[in-house]
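In the text below, chain A, chain B and the rest are named by the order of the sequence lines, each starting its count at 1. Worth saying up front: this structure is predicted, and the values here are computed from it rather than measured.
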Amino acid sequence: MLKIHNSLTGVKEEFKPLSANEVRMYVCGMTNYDYIHVGHARMLTVFDLIQRYLRSVGYAVTYVRNVTDIDDKIIERAAANGENWADLARRFTTAMHEDCATLELQAPDLEPRATEYIGPIIAMTQTLIDKGYAYVAGNGDVMYSVRKFAAYGRLSGKKIDDLRAGSRVQVDDAKLDPLDFVLWKHAKPGEPSWVSPWGDGRPGWHIECSAMSTSLLGSYFDIHGGGEDLKFPHHENEIAQSCAACGTPFVHMWMHNGFVRVNDEKMSKSLGNFFTVREVLKTLRAPEVLRFFLLSSHYRGPINYSTAQLAQADETLLGLYRALKDAGASGPMDEQWLARFRGAMDDDFNTPEALAAMQGVARELNQAKASGNSSKAASAAATLRAMGAVLGVLQQDPDTYLKRSVGDKTMSDTDVEALLAARQAARAAKLFAESDRIREQLTAAGILLEDKAGGATQWRRA
RNA sequence: GGCUAGGUGGCAGAGUGGUCAUGCAGCGGCCUGCAAAGCCGCGUACAGCGGUUCGAUUCCGCUCCUAGCCUCCA
């Protein structure tokens, strides 16, 4: 039984799709005006994992992740660059796709872009006006009237009065209430705009997601995800818009992933403490290391980004690949370990516990290898691989993986093999001083050796 | 100030009312020409103070501390 923590109720709930065996899931994706950083990678990885797991247990998943391609930040950045805003958004959306592909994230089934949904956005805005939830403000913007929506604040646990008291929002003359938010912004000179019943303008951020999600998944769907920081006001506003416009409940389960931190502070553009996926990947043995790192703590908690943590993820992953090496991967799976693994994942996607199950399998695999029980080893390897497939790790050829280096290679494979042959000859002649000298030479070049029983030597890169 | 999450062994990180997390690092042993890897074994935890309980790291209360949201943000 799959249980998921529902941010709306604050507790883990048994997951039951609204429509049998079908899961409709929407995740707030990126506003693409720059390269994605590790914080974004966590959100993308978490929901990639979730949709993979839902599929692996047999659900027919429709995974929608949008792209915001019109926004203040895009316009500002484009202006600063002297670049066309649409070109800039396209350029960084392409870059995001490249990064996602490198990280082996499965592409969402649908990836709507805000500018493709101007029609539905206008229609929804009009409906909100017609139903009395929205009004045209004095400055030409269309605003949502928060006080008209009784359930406002339910998701974020905020009370409208508290929000007013602590509000840092400038009291704008155009708003009837400081908490009202914009659905449609009137065009300022030189800004991109679309024709609307309220004059030329562009959509507000919140309405985009309401329009895209309900257009593609219907007015009431199973899962809506995003970063913790979107809970308020973005998701709160989505609920207000969608419920009011559609007259139905909006989302069954809300899911929010925790932040990536750097020295106990949220990684963010504004703090300037961010690392782009591109720069981080250059320092890693494989993109898989970043995924493994992100999966090594629970998706709802914070995770601290540091090179030490990344190094540990690398080390742990290497150990798993070492276990897999020369073990084959066939035979019956170990149902006990599989059950523990599934139990962990069924418990609100508890990846650290799932990883612990994988370690247990790896230990048994190593035991089987040590005792020469190759069929048991192959069976354990198959189990481990299957678990890895669910998490999106451990799918590479072990030997190839182990020979990868962090950064540039300091010695070619052929040079390594040549020195290994010389060392082998020395060992055969019991010239251990010479063989140790060669080993040290290789170690200095970042090549680590393992002499196996029977005289063979395996190597890998540090 | 309001609201929401947390504070677990050297580090990372799950979890539980009473028996094991797991990984890295450390220590001892096996294996090895020596290593490495692996295996076996060992140790060190539950912020503080009260309360409930036969028994609490786990439940309740208070205190302290941290982070996040309350403005764009994954």
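Looking only at atom types and distance, the side chain of A/W85 has no donor-acceptor partner in the side chain of A/E191 under 3.5 Å away. Between the side chains of A/T9 and A/E13, at least one donor N or O lies within less than 3.5 Å of an accepting N or O.
Base pairing of B/rU44 is not made with any nucleotide, judged by Watson-Crick or G-U wobble geometry with both donor-acceptor distances under 3.5 Å. If you check B/rG38 for Watson-Crick or wobble pairing at under 3.5 angstrom, you find it paired to B/rC30. Across all strands shown, B/rG2 is found opposite B/rC69 as a Watson-Crick or G-U wobble partner, with both distances under 3.5 Å.
A/E83 pairs with exactly one of A/R91, A/R77, A/R90 by the salt bridge (Lys or Arg N to Asp or Glu O under 4.0 Å) rule, that one being A/R91.
A gap of 15 Å separates the C1' atoms of B/rC30 and B/rA36, to the nearest Å.
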Do any N or O atoms of the protein come closer than 3.5 Å to N or O atoms of nucleotides 3-7 of chain B, and which pairs are they?
{"unit_1": "B/rC3", "atom_1": "O2'", "unit_2": "A/G157", "atom_2": "O", "d": "3.2"}

Please tabulate, one pair per line, each protein N/O and nucleotide N/O from nucleotides 23-25 of chain B that are separated by under 3.5 Å, including the distance.
{"unit_1": "B/rG23", "atom_1": "O2'", "unit_2": "A/T316", "atom_2": "OG1", "d": "2.9"}
{"unit_1": "B/rG23", "atom_1": "N2", "unit_2": "A/Q312", "atom_2": "OE1", "d": "3.2"}
{"unit_1": "B/rG23", "atom_1": "N2", "unit_2": "A/Q312", "atom_2": "NE2", "d": "2.6"}
{"unit_1": "B/rG23", "atom_1": "N3", "unit_2": "A/Q312", "atom_2": "NE2", "d": "3.2"}

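Dashed line: the shortest gap from a side-chain N or O of A/N366 to OP1 or OP2 of B/rC39 is under 4.0 Å.
Residue-to-nucleotide contacts include no donor-acceptor pair under 3.5 Å from the side chain of A/R42 to the base of B/rA74. Within 3.5 Å, no donor on the side chain of A/N350 pairs with an acceptor on the base of B/rG15, nor the reverse. The base of B/rC72 is not paired with the side chain of A/D71 by any donor and acceptor separated by under 3.5 Å.
When each of B/rG33, B/rA37, B/rU22 is scored by its nearest atom to the side-chain atoms of A/D436, the top-ranked nucleotide is B/rG33. Taking only side-chain atoms of A/M43, from C-beta outward, the nucleotide of B/rA74, B/rA36, B/rG13 with the closest atom is B/rA74. Of the candidate nucleotides B/rA35, B/rC72, B/rG38, B/rC72 has the atom nearest to the side chain of A/K73. Side-chain atoms of A/Q309 lie closest to B/rA12 of the nucleotides B/rA74, B/rA12, B/rA37. For A/D264, the listed nucleotide lying nearest its side chain is B/rA67; candidates were B/rA36, B/rA67, B/rC34. For A/H37, whose side chain is taken as the heavy atoms from C-beta onward, the closest listed nucleotide among B/rG33, B/rA74, B/rA35 is B/rA74. Closest contact between the side chain of A/S297 and the listed nucleotides B/rA14, B/rC70, B/rA37 involves B/rA14. The listed nucleotides are B/rG33, B/rA74, B/rC72; the one nearest the side chain of A/F432 is B/rG33. Distance from the side chain of A/E265 is smallest to B/rG68 among B/rG33, B/rG38, B/rG68.
Heavy-atom minimum distance, A/S145 versus A/D180: CA-OD1, 3.4 Å.
Here A/H298 lies in heavy-atom contact (under 4.0 Å) with sugar-phosphate atoms only. Across all strands shown, A/V260 has heavy atoms under 4.0 Å from base atoms, whether or not it also approaches the sugar-phosphate.
Map A/L355 and A/Q367 each onto its nearest nucleotide of RNA chain B; the residue landing nearer the 5' end is A/L355. Between A/A362 and A/Y299, the residue whose closest nucleotide on RNA chain B is further toward the 5' end is A/Y299.
For the pair A/K269 and A/F274, the distance from NZ or CZ to the six-membered ring centre is under 6.0 Å and the angle to the ring normal is within 45 degrees.
Side-chain contact between A/L230 and A/C28 is present, with heavy atoms from C-beta onward closer than 4.5 Å. Within the 4.5 Å cutoff, the side chain of A/F341 has heavy atoms near those of the A/M358 side chain. Side-chain atoms of A/V277 and A/E98, non-hydrogen and from C-beta on, never get closer than 4.5 Å to each other.
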